[in-house]
Amino acid sequence: MKLDKFALYSAKIKGQVIVTYQNERLHSIIFDERNQLTDLQYSKLKENIPANHAAEAAFAKLGLSSTRPEPKKQTPVSDKIALFCRLYKQFKNGLAYKVSSADAGKIKLLDLDEDLLLFYFKSSNFLFEHKHSISNLAKYYNELRADQAGLNAAKKIKHPSTYSVAHENSLTTDQVLEYWKHLRSLGLRPVKDRGKTVAWEKI
């Protein structure tokens with residue numbers, strides 16, 4: 001009896017997915033962090049794990065890899081403050097930002113990069129405009145991320161108005177979920193054969 005075991009990881013989930021093939025046929029799928037998957041992600045994964053012995057490329061289409069993702073390194077607080085001060089000076093015509101004693105504690109837990117701070121300083125949202133400070137940034141951080149996500153959503157991939165297996169296979173897991181949502185908005189529903197989606201039709 002031949003057993004092949006794959007320990008798979010994704011930046012989208014914590015932990016790992018253990019996929020086992022017995023005599024080159026799918027034997028088991030074990031999630032050690034099942035609660036980290038949405039129902040749609042879980043369904044998509046179960047539908048698309050190859051039933052026969054899988055190559056790395058097949059898992060890659062599902063956003064899975066046998067390489068554990070490197071944990072994201074935290075930017076030092078001093079670097080975050082320096083970045084904020086640099087951009088503040090850039091957008092305030094050379095005016096230097098006055099760092100308060102409380103700013104280090106407020107910025108410490110914020111996940112910041114230059115793109116997000118550029119969005120912050122350029123935003124016309126009344127929560128941020130002309131109110132730039134680390135205190136303001138920390139207070140409305142979630143609103144800022146939501147605003148940026150909304151802008152990015154407008155740039156998302158355009159999906160066809162009909163179901164295409166080739167198009168679906170070219171997408172990441174998150175993009176597949178968006179594609180399904182798009183098809184449902186057009187009045188289409190999945191047609192399944194033995195639990196696997198084979199088409200989408202008007203209802």
Side-chain angles (χ1 to χ4, degrees), residues 1-72 111 113 115-116 119 125 142-203:
M1 180 177 66
K2 180 183 178 183
L3 279 177
D4 291 299
K5 182 180 291 186
F6 295 84
L8 302 172
Y9 304 90
S10 169
K12 299 289 184 182
I13 59 173
K14 295 181 180 179
Q16 60 185 349
V17 179
I18 306 295
V19 181
T20 303
Y21 290 86
Q22 181 176 307
N23 296 328
E24 300 193 354
R25 296 288 297 175
L26 181 63
H27 179 259
S28 65
I29 306 172
I30 301 172
F31 302 88
D32 70 350
E33 291 285 351
R34 171 66 181 86
N35 61 310
Q36 296 296 324
L37 298 178
T38 65
D39 289 340
L40 283 174
Q41 286 174 324
Y42 180 70
S43 175
K44 175 67 178 175
L45 192 59
K46 285 188 66 177
E47 284 184 17
N48 290 278
I49 286 286
N52 296 313
H53 191 281
E56 189 75 11
F59 293 130
K61 287 183 179 180
L62 296 170
L64 296 167
S65 169
S66 59
T67 303
R68 187 189 298 270
E70 290 292 329
K72 189 173 181 179
D111 186 9
D113 56 28
D115 284 345
L116 182 64
F119 184 83
N125 188 319
N142 290 335
E143 288 82 356
L144 177 66
R145 294 306 295 250
D147 269 13
Q148 187 189 42
L151 179 66
N152 291 338
K155 300 177 181 177
K156 285 182 180 177
I157 188 169
K158 291 186 177 179
H159 299 296
S161 57
T162 56
Y163 179 63
S164 164
V165 175
H167 177 69
E168 184 180 71
N169 288 340
S170 71
L171 304 175
T172 65
T173 301
D174 286 347
Q175 288 171 338
V176 167
L177 299 181
E178 292 167 10
Y179 183 33
W180 290 353
K181 184 177 179 180
H182 168 69
L183 292 175
R184 286 191 175 92
S185 73
L186 297 174
L188 298 173
R189 293 294 180 269
V191 176
K192 295 182 180 290
D193 180 21
R194 298 177 185 177
K196 185 175 180 66
T197 299
V198 293
W200 285 70
E201 294 180 351
K202 279 274 189 184
I203 56 171

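Residue numbers run from 1 in the order of the sequence given. Computation of the quantities below employed the complete heavy-atom set of this structure, encompassing side-chain atoms and omitting hydrogens, waters and symmetry-equivalent molecules.
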inquiry  = Please verify the inter-ring angle class for H167 with H159; under 30° counts as parallel, over 60° as perpendicular, anything in between as tilted.
reply    = perpendicular
query = Got E201 and R189 here, is their nearest side-chain heavy-atom distance under 4.5 Å?
reply = no
ask   = Quick one: does L188's side chain get under 4.5 Å of K202's, heavy atoms only?
value = yes
request  = Enter the distance from Y179:OH to S170:OG here, rounded to the nearest 0.5 Å.
outcome  = 9.0 Å
query = Side chains of E168 and Y163: does their closest heavy-atom pair fall under 4.5 Å?
reply = yes
note = Sorted by chain and residue number, the side chain to side chain contact (heavy atoms under 4.5 Å, CB included) partners of T162 (sequence neighbours excluded) come out as none
message = How close do L183 and P160 get, counting heavy atoms only, and between which atoms?
response = CD2-O, 4.2 Å
remark   = Nearest heavy-atom approach of D111 to R145 is O-NH1, 3.3 Å
